[in-house]
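In what follows, a single structure is set out as structure tokens and then discussed.
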Amino acid sequence: MTDIRVQRLRRRVADAVEDIDAMKAQLADIRACCAELSASMRKIREDSERARETAERRKVLKRVV
């Protein structure tokens, strides 16, 4: 291989490593967003279940009274 080809290959490898590092950082951001979304969805489900149970209790109490 000529020196020019070696330099080009090294540059391509260095660029690829930079791209990989950037993608890893983006993936970390995406994972953090997914974890936050998951926690929000869990809270919504729990709140919904609690509201449903409360509504059912009120409905039963109205029938009794």
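Just so we're clear, the structure is a prediction, and the values are computed from it rather than from any experiment.
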Exercise. Any chance you could lay out the salt bridge (charged side-chain N to carboxylate O under 4.0 Å, His left out) test for Lys43 and Glu46, step after step, and finish with the verdict?
Key: CA-CA 5 Å; Lys43 184 174 182 335; Glu46 291 168 354; over 6 Å; no
Quiz prompt | Derivation of the side-chain contact (heavy atoms from CB on, under 4.5 Å) call for Arg52 and Glu56 | solution = CA-CA 6 Å; Arg52 192 175 321 126; Glu56 186 62 31; 5.9 Å; no
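In this structure, the separation between CD on Gln7 and CZ on Arg10 is 8.0 Å, given to the nearest 0.5 Å. The CD atom of Gln26 sits 6.5 Å away from atom CD1 of Ile30, with the distance rounded to the nearest 0.5 Å.
For Arg58, the side-chain hydrogen bond (donor to acceptor under 3.5 Å, both in side chains) criterion is met by no residue, not counting sequence neighbours. Every residue was checked against the side-chain contact (heavy atoms from CB on, under 4.5 Å) condition with Ser40, not counting sequence neighbours, and none meets it. For the salt bridge (Lys or Arg N to Asp or Glu O under 4.0 Å) test, no residue two or more places apart in sequence or in another chain qualifies with Asp15.
In this structure a side-chain-to-backbone donor-acceptor pair under 3.5 Å is missing from Ser38 to Cys34.
The local environment of CG in Asp47 is crowded, with over 12 non-hydrogen atoms from other residues, nucleotides or ligands closer than 6.0 Å. The environment of Glu36 atom CD is sparse: at most 12 non-hydrogen atoms of other residues, nucleotides or ligands sit within 6.0 angstrom.
When each of Arg31, Met23, Lys24 is tested with Leu27 by the rule side-chain contact (heavy atoms from CB on, under 4.5 Å), just one qualifies, namely Arg31.
Under the 4.5 Å side-chain criterion, counting only non-hydrogen atoms from C-beta, Arg42 is in contact with Arg45.
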